[in-house]
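Computed over heavy atoms, backbone and side chain alike; hydrogens, waters and symmetry mates excluded. Owing to the predicted nature of the structure, the values given are computational and were not obtained by experimental measurement. Sequence lines set the chain letters: A, B, ... in the order given, protein chains first and strands last, and positions in each chain run from 1.
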Protein chains: 2
Amino acid sequence: MKKKTKYHHGNLADALLRAGVKEARVNGPKNLGVTHLANQVHVSPMAVYRHFPNGESLKAGISQQAREELARYMLKALGQETDVKKRFLTIGRSYIEFGLSEPGLFSVAFLDCDSLPNDEDDPSSRSIFHDAILDLSNEGLIEHSDIEQVAAFAWSLVHGYVTLTSAESLSPAMPKPEAVNELLERGWLAITKFRK
Amino acid sequence: MKKKTKYHHGNLADALLRAGVKEARVNGPKNLGVTHLANQVHVSPMAVYRHFPNGESLKAGISQQAREELARYMLKALGQETDVKKRFLTIGRSYIEFGLSEPGLFSVAFLDCDSLPNDEDDPSSRSIFHDAILDLSNEGLIEHSDIEQVAAFAWSLVHGYVTLTSAESLSPAMPKPEAVNELLERGWLAITKFRK
DNA sequence: TTTTCATGTTGACATTATAAACATTAATCG
DNA sequence: CGATTAATGTTTATAATGTCAACATGAAAA
């Protein structure tokens, strides 16, 4: 028999985040309320407030988890690839793959959480983009002074694509994988061939 | 003295949408609830249900208003310009301008309203993009078969830029206008110079 | 004018976020 | 080891919300 009535849960904060991520995977931002998540974890709603100052910050925590999951997915896709172009395209492709295969998580990841801690999440998708672009610069494929602009361009492109495709606002003219490849190659062109 | 106690409001649906847009402009998606908007219009919450089946659909209506405002802004910026490249860049620039100058409206415009009526809003930003890209095709600047891809590329780029910049996820390396110009020129390059 | 329909209102109820007070377990210190 | 204290959960209570049902009123149609 299992131990029951463990009055203390032991690890509530984690459990809540976990439950939240699970919900987010299925239902996106809905059902991320204090009460609902507390129920999932078999704990009274007020227990949540011992670990999060309010419901918003719990949501923010879940959002952060989702962002970290995205970053892990990207790193995994990167693997040991060494070719800079392939690395760069893989970053974009994996970002899009994650967004399209986990729309709920993705939308929660970029939820209007007022405080995206834009500093070091580690590993954050931002820093992954940035590092890859540093490599491009070191290889002489882009100007050093273009780093920030290229980061903005690349990230905007894939982020927008996921957002609009998930919302079914964009109707693709061809099957997904080819469409994504072409999008990425176009982006590569704009990044490596642009000169003021 | 003004006429008061006009038991019937006369134009509640419009007034609610208007109040919603005003709120959205200031606070984004928050405060778009049935009760709050009903109060703004000095009407009991239940009155709302004579015009919208539920709170979600009221939000959806406000979201649509926001999308139409965006489209109007773009058309105005377009003006009578005839040069195809300038037209195209203006579309992108005005989209970004609107998004950055009206972050609340923009976020509501693309709120997770499950049912973005992806058909004819008239005038929708989608159709504006599309028409401009048709012109590019007619001028021979892009392949006819590339129309859908170019639309996806262009819209993704500017939409992503607004989203990430509003969320302060992107830290620009230069003042906004120049950054936006460079982004657009890069996009133009990718659109007109790409061949499979 | 009288009937009817569209439009508002009040009251009730379930659900939510959160505050206050209380309970229990775990940790620390003599 | 036992007693005090700090963490962590629970119950109770309050205010706000979305929405249902029943009722009221004013404008349009008959």
Exercise for the section: Rounded to the nearest angstrom, tell me the gap between atom CE in M46(A) and atom P in dT18(C). Expected result: 9 Å
Fill in the blank from the handout: To the nearest angstrom, the CG-P distance between L37(B) and dA16(D) comes to 17 Å
Practice task
Would you kindly give the CG-to-C1' distance between L32(A) and dA17(C), to the nearest whole Å?
Solution key: 15 Å
Exercise for the section: Send over the distance from Y49(B) OH to dT9(C) P, rounded to a whole Å. Expected result: 14 Å
Practice task
Determine yes or no for a side-chain-to-main-chain donor-acceptor pair under 3.5 angstrom, with S63(A) supplying the side chain and K59(A) the backbone.
Solution key: no
Exercise for the section: May I ask you to say what S44(A) touches in the nucleic acid, namely base, sugar-phosphate or nothing, with a heavy-atom cut-off under 4.0 Å? Expected result: base
Exercise for the section: Could you tell me the separation between the CZ atom of F52(B) and the P atom of dG18(D), rounded to a whole number of Å? Expected result: 14 Å
Fill in the blank from the handout: Looking only at dG9(D), dT18(C), dG18(D), the nucleotide nearest the N54(A) side chain is dT18(C)
Problem - Matching residue for V21(B) among E23(B), R18(B), R25(B) - test: side chain to side chain contact (heavy atoms under 4.5 Å, CB included) - result: R25(B)
Handout entry: Rounded distance in Å - NE2 (H36(B)) to C1' (dA15(D))
Key = 16 Å
Handout entry: Nucleotide dT16(C), atom P - distance to NZ of K30(A) in whole Å
Key = 15 Å
Exercise for the section: May I ask you to evaluate whether H51(A) reaches the phosphate of dG9(D), defined as a side-chain N or O under 4.0 Å from OP1 or OP2? Expected result: yes
Handout entry: T35(B) side chain near dG18(D) phosphate (N/O to OP1/OP2, under 4.0 Å)
Key = yes
Practice task
Output yes when a side-chain donor or acceptor of E143(B) lies under 3.5 Å from a complementary backbone atom of S145(B), and no otherwise.
Solution key: no
Exercise for the section: May I ask you to check whether E69(A) and Q65(A) show a side-chain donor-acceptor distance below 3.5 Å? Expected result: no
Problem - Whole angstrom value for the distance that separates P of dT16(C) from CD of E56(A) - result: 16 Å
